[in-house]
Amino acid sequence: MLFFGALVGAAVALVATLIPWLPDAASSQAGKIDALYWAVTVICIIIFALVAGVSVFAVWKFRAGPDDTEDGKPTHGNTMLEIVWTAVPTALVTAISIYSAVVLVQVGDAPAGTRVVNVMSQQFAWSFEYPDQKVTSGDLVLPVDRPVILHLTSKDVIHSFWVPQWRMKQDAVPGIQTRLVITPSKLGTFPVICTELCGLGHGLMRSQAVVMTQEDFDAWLSKQKQAAGGGGGGGGAADGKQLFLSQGCKDCHTLADAGSTAKVGPDLDAGLKGKDADFIKQSIVDPNAEITPGYQPNVMPQNFGQTLSQAQIDALVKYLQQATQGG
Ligand code: CUA
């Protein structure tokens, strides 16, 4: 009976592990995470198949015959069986805990001098700050094969940073800083997904991670640095287009000048025609004041008035006027 269950368990586990369930692994941490994931999954499959196999067998073997109205014989425990079903799970869970702790330490390891990128999350957008260059971007751009430390936090509620191909996932919590080490191992563009139910726009809270060669990354970073005004001017030198790209506006709105085609919120090329600066400013700091027909309130963050400086809001308003009305 036990043998039959074990056989079924081993066969199901073999078939399950041969199916490519996970997306391509694209970080050097992914291999360790996948090995742990599969070890735990195979243990679960074998135990499930064992229990289900024994149950099905027992239901069939000890079923009542057509004329059998007798009660089953009372049984009173089995010491050996009880020791086994206590000891085996205890040993398995302890082993999984130790293995997990070892992997957790290994994937959190970063050499001294590793680049730090600050990850800011808010309802419902990500932004990524490169503190050494004072550059902020709406996409997480990284060089391939270099470790990076992400410092994550949130402006409002709990979000969770996840790039499936990197396997690494971490909560972004207001008031504290969490940490994640990533070493991208493949060039390409990967989705950044929020995996914590954070409000109406949760399902739309996406960005992208772009992994480039070191040369392309250096060129990108210096270009961003120039666009941000060299970092010398702080908020006062804020460039409206740069803000539009880095503050998540482009992830929801269509704006030809910025090359964005998102359709989560109203199309700005059409919607801002003939609107004055006051209307644009109100739409940024108090988005619920006037809702475009066909759209829902509370989807756009309502705290840009607090998270952006006055100079940044003015720059954004000016840019949106120029971009949609040519003057
Ligand atoms: Cu942010 Cu879900």
Side-chain angles (χ1 to χ4, degrees), residues 22-23 26-27 29-30 33 37 107-108 116-131 135-142 148-182 184 189-211 243-255 258 260-266 268 283-288 291-292 295-308 312-313 316:
L22 303 173
S27 80
Q29 287 80 14
I33 305 241
Y37 171 84
V107 298
V116 171
V117 174
N118 295 322
V119 180
M120 179 57 76
S121 55
Q122 68 185 96
Q123 290 167 319
F124 300 96
W126 298 100
S127 65
F128 305 94
E129 188 208 359
Y130 299 74
V135 161
T136 303
S137 165
D139 293 334
L140 175 57
V141 180
L142 294 176
V148 62
I149 299 173
L150 303 181
H151 283 164
L152 302 103
T153 191
S154 167
K155 286 179 185 169
D156 37 45
V157 300
I158 300 177
H159 304 274
S160 182
F161 174 93
W162 187 43
V163 174
Q165 287 82 355
W166 292 347
R167 302 294 193 272
M168 306 291 281
K169 185 192 274 183
Q170 180 64 272
D171 278 5
V173 183
I176 66 168
Q177 189 183 74
T178 51
R179 178 180 179 277
L180 204 56
V181 177
I182 310 271
T189 300
F190 309 101
V192 174
I193 298 171
C194 177
T195 59
E196 186 72 51
L197 186 57
C198 55
L200 261 184
H202 160 69
L204 312 166
M205 188 169 166
R206 298 206 166 202
S207 179
Q208 52 184 10
V210 185
V211 181
L243 288 165
F244 187 86
L245 295 172
S246 68
Q247 295 296 322
C249 315
K250 73 162 173 53
D251 297 321
C252 292
H253 295 286
T254 292
L255 183 65
S260 63
T261 54
K263 294 186 167 43
V264 176
L268 299 181
S283 302
I284 295 171
V285 300
D286 185 13
N288 284 347
I291 296 294
T292 307
Y295 293 89
Q296 295 290 321
N298 299 320
V299 173
M300 178 160 160
Q302 290 160 66
N303 60 352
F304 280 121
Q306 290 93 58
T307 58
L308 298 177
Q312 286 177 313
I313 292 172
L316 206 44

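When a ligand or atom number is given, it counts from 1 through the structure's own listing order. Nothing here was measured: the structure is a model prediction, and the numbers come from that model.
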Legend entry - Residue that, paired with Gln123, satisfies side-chain contact (heavy atoms from CB on, under 4.5 Å) out of Val157, Leu200, Val299: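 By the side-chain contact (heavy atoms from CB on, under 4.5 Å) criterion, Gln123 pairs with just one of Val157, Leu200, Val299: Val157.
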
Inset, instruction - Report yes or no: does Met205 have an N/O/S atom closer than 2.8 Å to atom 1 (Cu) of ligand 1? - result: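 It does; at least one qualifying atom falls short of 2.8 Å.
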
Legend entry - Minimum-distance atom from atom 2 (Cu) of ligand 1 among N, O or S atoms of Glu196: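 Relative to atom 2 (Cu) of ligand 1, the closest nitrogen, oxygen or sulfur of Glu196 carries the name O.
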
Inset, instruction - Have a look at His202 and say which of its N, O or S atoms is nearest atom 2 (Cu) of ligand 1. - result: ND1

Legend entry - Working for side chain to side chain contact (heavy atoms under 4.5 Å, CB included), residues Val117 and Phe128: CA-CA 7 Å; Val117 174; Phe128 305 94; 4.1 Å; yes

Legend entry - Rounded distance [0.5 Å steps], SG in Cys249 versus CG in Leu255: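 So the SG of Cys249 and the CG of Leu255 are separated by 9.0 Å.
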
Inset, instruction - Begin with the C-alpha distance, continue with both residues' side-chain angles, and end with the deciding distance and a verdict on side chain to side chain contact (heavy atoms under 4.5 Å, CB included) for Cys252 and Met300. - result: CA-CA 9 Å; Cys252 292; Met300 178 160 160; over 6 Å; no

Legend entry - Apex atom 1 (Cu) of ligand 1; atoms His159 ND1 and Cys194 SG; angle rounded to 10 degrees: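 His159 ND1 and Cys194 SG form an angle of 120° at atom 1 (Cu) of ligand 1.
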
